[in-house]
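Presented below is the structure to which this report refers.
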Amino acid sequence: MLKIKGLKAGVEDNNILKGIDLQVNKGEIHAIMGPNGSGKSTLSSVIAGKEEYEVEGGSIEFDGTSIMDLSPEERAHLGIFLSFQYPVEIPGVSVSNFIKTSINETRKAKGLEPMPAGELLKLMREKMELLDIKKGFLSRSLNQGFSGGEKKRNEIFQLATLAPKLAILDETDSGLDIDALKIVANGINKLRTPENATIVITHYQRLLDYIVPDFVHVLYNGRIVKSGTKELAFELEAKGYDWIIKEVEEQCI
Amino acid sequence: MTEEDKILKEVTGAEYKYGFTTDIESDKIPKGLSEDVVRLISAKKNEPEWLLERRLKAFEVWKKMDEPDWANVSYKKPDYQDIIYYAAPKQKKKLESLDDLDPEMRKTFEKLGISLNEQKRLAGVAVDFVMDSVSVATSFKDKLLELGIIFCSISDAVIEYPDLVKKYLGSVVPTGDNFFSALNSAVFTDGSFCYIPKGVRCPMELSTYFRINEAGTGQFERTLLVADQGSYVSYLEGCTAPMRDENQLHAAVVELIALDDAEIKYSTVQNWYPGNEEGIGGVFNFVTKRGICHDRAKISWTQVETGSAVTWKYPSCILKGDDSVGEFYSVAVTNNLQQADTGTKMIHIGKNSKSTIISKGICAGKSEGSYRGLVKIMKSAENARNFSQCDSLLMGDKCGSHTFPYIEVKNKSAKVEHEATTSKIGEDQIFYCNQRGIGTEEAIALIVNGYCKDVLNQLPMEFAVEAQKLLAISLEGSVG
Ligand SMILES: Nc1ncnc2c1ncn2[C@@H]1O[C@H](COP(=O)(O)OP(=O)(O)O)[C@@H](O)[C@H]1O
Ligand SMILES: [Mg+2]
């Protein structure tokens, strides 16, 4: 589904991603771990097409075709969804209005009519129940005055209503207490199908107790320095990142 | 180009949708202003002697006044001798119904997006359409008359309801109030008159569409709205003007009188021609709007201003009565080289009088937008309250936004609060929307509408939809 080869990207003279290779197939869950500042959010932004980052080399393919020249909204229309680490506030735009616009703009891009109001309402109700979201939530201004947890839950709510092919969850666990984490993880698991895929970005192993990954990658200093199965996450939890960093540095010498 | 630059470029490129003229033969008098011209206007309208006298007095006052220059706008002052002060579309006879309308004029209605048949069908809206200076069509008049509601052109009112007009005309905006109101008092040609009798709740939104049509004609409407004790009315004023090369002057006066326990809601959507990208052409909009609230009365001004080259406008409330309420909700969009200096004045005289000011400025291009507000609490205004919120949204870094809040408090029990913010549409906000499949143009419309929500919510339903569309049009084509 997603095939990244030799991806290099950065801002001005700051190289952040220094050659990333990653392949994600249908039905898989990949975890990307790594210390702060290693480039995890940058990678997700570059996949989503944020123009702030200059791509200096490599390729990104989605469902067999390059998406390098596509705008962020075109990538979204193909089914790439990013749950933001820091979701932005849009004052005066209600959660429901935003989701409605999002769904209908995506439909429009596919040549479909706007979703009938009744259907839309039903969809939102269903997903609210899945994520234990209270009724008043829909009419609140998007992310304005939301707690950290509410913001993250709102991201997953959007994920649930849009049902993308590829979901990239950037630090979705941060800001969630344990109960909320369970609800959100349970929601994400329920949204899984053999046809879609998920990339979970986190620097704690905690989330991976609930969303069990097929593969774990360690991103450090703009490179994937180690890949493995979920056991790698346990090892990281027990030993921290230092041993990997040491290993990497030794290799370099 | 950064995303923002692109947006700006495109925003600047959005064309004025209503730039066309109606080809109707027009009856106009020669250019220039003199006592004879004032007499001629009055004679053309078969006015009674008292009104002619008032006009002549106003003309004398105006001649001694200087054009104000304290507003944060700069423009080439109009040559008042180069303006045509009266132009009436030539019509064979007065219209009995809208069906008799000139086909050219009907086309104009259609281009403006006001299908009158549609509006009739939707009911609830009575339209008094002002094309240039003479009101050409009035609908729903009979239905309203059954309730004792008078809704007609000010010219007709002068003839048919002289006592009401004589009593209230100039009572809120006196002749010598300012340069433009003095000019208007001398040469006003038409406008609307409305009277709601005691205890009557006007069952429909009253609506006027203004339109400047004849090249080189100034437009000096006069609107007078009287809500008698315990009555309620919601009044909508919509304005569009065709594209013209020379600047056109528009100096209207609107007076509202809300007697004890009455409520007036006055909503305006203004999208007159703003001039082109280089700042050529466009309407000069110098308007005096003021209302007076008696005991427990309430006046709400709501305006969405997207047009005009230069706007100078401060809808105000004189809160004379105890427990009276004044509100001002405003969205002002400036783009390209547009300049707007707009705001409100809340004059608290009565005890427990309350006022709320919500102003949302949006500046793009090289435009300048200013909020200018006065909150004045007189000594008598025991326990007066004011809350003001003035926000500015900047698009790009070539535009400017300014806030001039003047606060004068002469009674210690008063409470006045003022909040102001300035923000930008962030690239992060746009990327967030993009990531959810919403293109940049739609994203900006969404964000801007959200930003203006508190004001748009004040508009009657159908007007709110129109205003949202207008905001979107002025931000059209924002994706490269
Ligand atoms: N827009 C930007 N401009 C400059 N530096 C950036 C930008 N985005 C990220 N960086 C830098 O790139 C590095 C990786 O950041 P990020 O991808 O956010 O890391 P992570 O998500 O793994 O914590 C950091 O050193 C950060 O300061
Ligand atoms: Mg990060």
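The closest donor-acceptor contact from the side chain of A:Ser102 to the backbone of B:Arg436 lies under 3.5 Å. Within the 3.5 Å criterion, the main-chain N or O of A:Glu51 finds no donor-acceptor partner in the side chain of B:Glu427. Between the side chain of A:Glu105 and the backbone N or O of B:Gly439 there is no donor-acceptor pair closer than 3.5 Å.
In terms of heavy-atom proximity, A:Gly49 sits nearest to B:Phe431 at C-CE1, 4.0 Å. The two residues A:Val93 and B:Leu446 have their closest heavy-atom pair at CG2-O, 3.3 Å. A pairwise comparison of heavy atoms in A:Pro72 and B:Asn434 identifies CB-CB, 3.6 Å as the closest pair. Here the closest non-hydrogen pair linking A:Ile90 and B:Cys433 is CD1-SG, 3.6 Å.
For A:Leu142, the part lying under 4.5 angstrom from a heavy atom of chain B is the side chain only. If you measure heavy-atom distances from A:Pro164 to chain B, you find no contacts under 4.5 Å at all.
Chain B forms more heavy-atom pairs under 4.5 Å with one residue of A:His77, A:Glu89, A:Lys50 than with any other, namely A:Lys50. When the candidates A:Ser141, A:Ala109, A:Ala76 are compared by the number of heavy-atom contacts under 4.5 Å with chain B, A:Ala76 comes out ahead.
Shown here is A:Asn14, whose CG atom has more than 12 heavy atoms of other residues, nucleotides or ligands within 6.0 Å. Annotation: A:Gln23, atom CD; neighbour count of heavy atoms from other residues, nucleotides and ligands within 6.0 Å is above 12. Few gaps surround NZ on A:Lys18; more than 12 heavy atoms of other groups in view lie less than 6.0 Å from it.
Ring geometry, A:Phe84 versus B:Tyr432: the interplanar angle falls from 30° to 60°, so the pair is classed tilted.
The structure places CZ of A:Phe98 at 4.0 Å from CD1 of B:Ile438, a figure rounded to the nearest 0.5 Å.
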